[in-house]
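Lettering follows sequence order; numbering is per chain, from 1.
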There are 2 protein chains.
Amino acid sequence: MAQRGRKPSAWKNVAPSRDELFALKRTALLREAARAFSARGYHDTSLDDVAKTLGVTKPALYYYVTNKQEILFECHMLAQDLGNVAYDYAVEHGKTGREKIVLVCRRYIELITSEIGSCAVLSEFAALEPKNRAVIAKRRDDFQKKFSELIIEGVKDGSIREADPRMTVFFFMGAINWMTQWFRPDGDMSGEGIASVFSDLLEHALKPQ
Amino acid sequence: MAQRGRKPSAWKNVAPSRDELFALKRTALLREAARAFSARGYHDTSLDDVAKTLGVTKPALYYYVTNKQEILFECHMLAQDLGNVAYDYAVEHGKTGREKIVLVCRRYIELITSEIGSCAVLSEFAALEPKNRAVIAKRRDDFQKKFSELIIEGVKDGSIREADPRMTVFFFMGAINWMTQWFRPDGDMSGEGIASVFSDLLEHALKPQ
DNA sequence: CAACAATCTTACCCCAAAGTCAAACAAGCT
DNA sequence: AGCTTGTTTGACTTTGGGGTAAGATTGTTG
């Protein structure tokens, strides 16, 4: 009934194509695996478990993924993407260096808390195999470099007091990354609430005087 | 020669008794395991490797330890002890709430950086078996509770601006705990250096105005 | 319907690494 | 020397879980 009077091609919106179905299932797999990894850790999560949760058997997973390691790698990539989204947002909306930094902080927290499943995985860095680890490490360093530059910008424009950029980045990125160890979506503090408190603390830490 | 003219009992200082030897070896085992766990992660570290590094074989380790899990548990306990040491030091030496909090931060960082091997393990929380995990979690919560109370004290005595105590603790404990992910003893920043930067940031974040 | 491709299952292989055990070795004591 | 207790080893068992092969099932298309 809702379909009536639509264009003939309306079915496309309702019945996903094969490729779309494939992508959908693959994403579901990554999400579920990420959730499990964060809850029990990479090594204590068997693909049998993940499969059971998804209502299939293990070999079915291997149709969408070449091995367990690939899952972990993709989760890391997805989580890091959020960081870049937050960064772009902040650079666009902030004026001074401090405003931008504080905005990144706030936005990033909002993003990872709403997508916690795929992000808590950030703590499983050691479980990445060397080649993948190198890729993720490189991206992370690039990311933190951009942050450092925002701080330098803030010191120049007078919105941030003199401070070691690299250490400052480590400081608040640590505070944020550690969230994956304690944040629970059903806890008594919302993602936005935490974002407010944390970005406020950061702002005072950086402000001159 | 250095021994000459000493008391007859001087040998005691040089030749450890059996019990002392046992304790010495056991500690060496824990230290080395901790180092390996931090470098490669708990699950990617085999006891065969640890044994080889110590110049013995795996079964020898089992003479000092009942199983692998016990090693991880003891490492966590040791790392947490440092937190309490830092706390006691700060309460003794600080006057206002803020001074105490900042001192805990500084002292704790100095301690874990000098003992990084046994501390980087803090990130392997998920690898603890349920029973042990409960013990460690309890201790950690107690620890953070004491911190919260220092903050409340600081707000009362006017040395700390209005702030959510629990979130504030999460914030800077996160920043510190995350150090285990990036700090390297041979890096270009000493433990004291980091302690200074971090405690300075924390101080500004808490200070009124 | 037949044929072909996409998807998923049952049954299996395989191996790294935790953990065990009896025997060998070492050190002190009488 | 020989006895005893503490320490270490070589050789072994066991198991969880990653990964695979071959066939069943479902869906699609001519």
Can you tell me how far C1' of dG18(D) sits from CG of D48(A), to the nearest Å?
9 Å

Run the side-chain hydrogen bond (donor to acceptor under 3.5 Å, both in side chains) test against Q144(B) and tell me which residues pass, sequence neighbours left out.
none

Which of parallel (below 30°), tilted (30 to 60°) and perpendicular (above 60°) describes Y64(B) and F22(B)?
tilted

Name the orientation class of the two ring planes belonging to F171(B) and F171(A) (parallel below 30°, tilted from 30 to 60°, perpendicular beyond 60°).
perpendicular

Nearest-nucleotide pick for [X], side chain only, options being [options]:
{"X": "K25(B)", "options": "dT7(D), dA18(C), dG19(D)", "result": "dT7(D)"}
{"X": "L47(B)", "options": "dA18(C), dG19(D), dT9(C)", "result": "dA18(C)"}
{"X": "Y63(A)", "options": "dT7(C), dG18(D), dT7(D)", "result": "dT7(C)"}
{"X": "V56(A)", "options": "dT7(C), dT9(D), dT9(C)", "result": "dT9(C)"}
{"X": "Y64(B)", "options": "dT9(C), dG19(D), dT8(D)", "result": "dT8(D)"}

By salt bridge (Lys or Arg N to Asp or Glu O under 4.0 Å), K138(B) pairs with (sequence neighbours left out) D142(B)

Considering heavy-atom distances to DNA chain D, does P59(B) or F22(B) have its closest nucleotide positioned more toward the 5' end?
F22(B)

Pairwise 5' ranking along DNA chain D for H43(A) and T66(A), keeping only the more 5' one
H43(A)

K58(B) (side chain) and dA17(C) (base): donor-acceptor pair under 3.5 Å:
no

